[in-house]
Amino acid sequence: MSEEHIYLPRTARLVKAISETETERTIVFELLDGEDLPYTPGQFVTVTVFGSGEAPFALSSASRADGGLQITVRRYPGGRVTEALHALQPGDYIGIRGPFGNGFPLDRLRAGDVLVVAGGIGMAPLRALIETILRERHLYGDLTVLYGARTPDEILFRDLVQEWEHSDEMDLLLTIDRPHPDWDGRVGMVTELFRDITVDPAGTSAVICGPPVMYPFVVAECHEAGLQDDRIFLSLERRMACGVGKCGHCAVDGTYVCLDGPVFTQAQLRELGE
């Protein structure tokens with residue numbers, strides 16, 4: 001994209017909105033120019049709600065045959081953009097810039113086993129990765145997904161998760177943080193699910209996304225399982241603004257999350273000073 005167009009959003013129309021939880025909403029939209037928006041799972045777009053502002057969001061599904069695009073938005077009280085996105089209705093318009101970032105390294109994940117670890121809203125970009133792997137199932141080894149949510153009501157993509165639980169193409173283990181009267185499944189942090197799986201450290205890559213507080217504990221479990229830092233991939237959330245490395249909001253020691261990430265190996269993160 002030319003320099004003069006990197007800040008110019010493309011207009012999109014909201015096609016459908018799905019209430020996932022009390023605070024999360026999935027928005028399906030289509031670009032009005034009719035052109036495709038090729039992207040890799042893990043990349044993000046910046047979304048403009050006209051009159052409210054702009055914010056980055058990960059694309060939360062694999063590419064769709066109908067050309068639709070999807071983001072999943074957590075509403076933050078007082079957050080102008082997230083509140084506005086939750087108020088939009090089908091037929092309303094938004095602006096889209098991107099895709100930005102590097103996404104998950106599909107070429108490195110292929111031919112080996114993939115361990116996906118999701119916490120909370122981190123399932124949004126990981127859904128795009130899981131769907132991509134399932135579409136090209138023959139290119140990958142075993143697929144194991146560990147997903148942790150705080151409560152049963154906060155599980156994203158509930159129908160899809162139930163489908164994955166019964167799929168022969170993958171193993172999905174699901175847990176919630178604390179006992180709940182409406183839950184008879186596993187209880188505990190997502191790290192405890194590592195006790196129920198077997199990992200081949202020589203042939204497995206781990207992909208992690210969720211609240212930053214969980215990362216050190218999940219990485220420690222990956223190390224315990226024998227995974228090396230260059231086989232552990234993490235998707236970072238940081239205060240990104242422009243998406244193109246100009247504003248410096250997401251810079252860490254000369255590394256820009258919006259350009260060099262948001263996906264990094266644990267080996268790369270060890271080199272950062274923050």
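All residue numbers in this chain count up from 1 along the given sequence.
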From Asp142, Thr144, Asp171, residue fulfilling side chain to side chain contact (heavy atoms under 4.5 Å, CB included) relative to Leu115: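 The side chain to side chain contact (heavy atoms under 4.5 Å, CB included) with Leu115 is passed solely by Thr144 among Asp142, Thr144, Asp171.
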Side chain to side chain contact (heavy atoms under 4.5 Å, CB included) partner of Gln266, chosen from Leu227, Asp230, Leu234: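 Going through Leu227, Asp230, Leu234 one by one, the side chain to side chain contact (heavy atoms under 4.5 Å, CB included) with Gln266 is satisfied by Leu234 alone.
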Would you say [Y] ends up clustered with [X] if hydrophobic residues are merged whenever their side chains have heavy atoms under 4.5 Å apart, either directly or through other cluster members?
X      : Y      : value
Leu126 : Leu236 : no
Met189 : Leu173 : no
Leu37  : Leu106 : no
Val190 : Val145 : no
Leu146 : Leu143 : no

Any Met170 side-chain heavy atom under 4.5 Å of Leu134 side chain: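 The answer is yes, as the side chains (C-beta and beyond) meet within the 4.5 Å cut-off.
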Non-hydrogen side-chain atoms of Thr82 and Phe57 separated by less than 4.5 Å: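 In short, these two side chains touch, coming nearer than 4.5 Å.
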Which heavy atom in [X] sits nearest to a heavy atom in [Y], and how many Å separate them?
X      : Y      : result
Val187 : Glu192 : O-OE1, 3.9 Å
Pro262 : Gly101 : CD-CA, 3.8 Å
Pro99  : Pro38  : CG-O, 3.3 Å
Pro105 : Val263 : CD-CG1, 4.3 Å
Ile96  : Ala12  : CG1-CB, 3.9 Å
Gly188 : Thr175 : O-OG1, 2.8 Å

Members sharing Leu259's hydrophobic cluster (side chains within less than 4.5 Å):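 Listed partners: Tyr256.
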Listed once per pair and sorted, the ring-ring contact (aromatic ring centres under 6.0 Å, His included) pairs that draw on residues 85-117, sequence neighbours left out: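 Residue pairs with at least one partner in residues 85-117: Phe44-Phe100.
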Pair listing, ring-ring contact (aromatic ring centres under 6.0 Å, His included) test, anchored in residues 142-165, at least two apart: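 Qualifying pairs, neighbours excluded: none.
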Atom CZ of Arg108: over 12 foreign heavy atoms under 6.0 Å: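 For Arg108, atom CZ is crowded (more than 12 foreign heavy atoms under 6.0 Å).
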Gln228 CD: over 12 foreign heavy atoms closer than 6.0 Å: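 It does not: Gln228 CD has 12 such atoms or fewer within range.
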Which value, rounded to the nearest 0.5 Å, describes the distance between [X] atom [atom1] and [Y] atom [atom2]?
X      : Y      : atom1 : atom2 : answer
Ile94  : Glu54  : CD1   : CD    : 11.0 Å
Leu156 : Thr72  : CG    : OG1   : 6.5 Å
Ser61  : Ile130 : OG    : CD1   : 12.5 Å

Stepwise side chain to side chain contact (heavy atoms under 4.5 Å, CB included) check, Val81 with Val47: CA-CA 9 Å; Val81 177; Val47 179; 5.7 Å; no
With sequence neighbours excluded, residues passing salt bridge (Lys or Arg N to Asp or Glu O under 4.0 Å) with Arg80: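 In terms of salt bridge (Lys or Arg N to Asp or Glu O under 4.0 Å), with neighbours along the sequence ignored, Arg80 is linked to no residue.
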Partner residues of Glu136 under the salt bridge (Lys or Arg N to Asp or Glu O under 4.0 Å) criterion, sequence neighbours left out: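 Residues passing salt bridge (Lys or Arg N to Asp or Glu O under 4.0 Å) with Glu136: Arg110.
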Ionic contact status for Glu131 with Arg127, cut-off 4.0 Å: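 Glu131 and Arg127: salt-bridged.
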Residue pairs fulfilling salt bridge (Lys or Arg N to Asp or Glu O under 4.0 Å) with at least one residue in residues 174-187, sequence neighbours excluded: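 Checked against salt bridge (Lys or Arg N to Asp or Glu O under 4.0 Å) - neighbours excluded - the pairs reaching residues 174-187 are Arg186-Asp196.
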For [X], which residues count as a side-chain hydrogen bond (donor to acceptor under 3.5 Å, both in side chains) partner, sequence neighbours excluded?
X      : answer
Asp107 : none
Thr151 : Glu154
Arg158 : none
Gln43  : none

Partner residues of Phe233 under the ring-ring contact (aromatic ring centres under 6.0 Å, His included) criterion, sequence neighbours left out: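 With neighbours one apart ignored, the set is empty.
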Derivation of the side chain to side chain contact (heavy atoms under 4.5 Å, CB included) call for Gln70 and Thr26: CA-CA 7 Å; Gln70 179 174 300; Thr26 293; 3.3 Å; yes
Let me check something: any side-chain donor-acceptor pairs from residues 201-223 under 3.5 Å, sequence neighbours excluded? List them with distances.
from   : atom 1 : to     : atom 2 : distance (Å)
Thr204 : OG1    : Asp200 : O      : 2.7
Ser205 : OG     : Arg231 : NE     : 3.1
Tyr215 : OH     : Gly210 : N      : 3.2
Tyr215 : OH     : Gly210 : O      : 3.3
Tyr215 : OH     : Ser235 : O      : 2.5
Glu221 : OE1    : Arg195 : NH1    : 3.0
Glu221 : OE2    : Arg195 : NH1    : 3.2
Glu221 : OE2    : Arg195 : NH2    : 3.2
His223 : NE2    : Asp229 : OD1    : 2.5

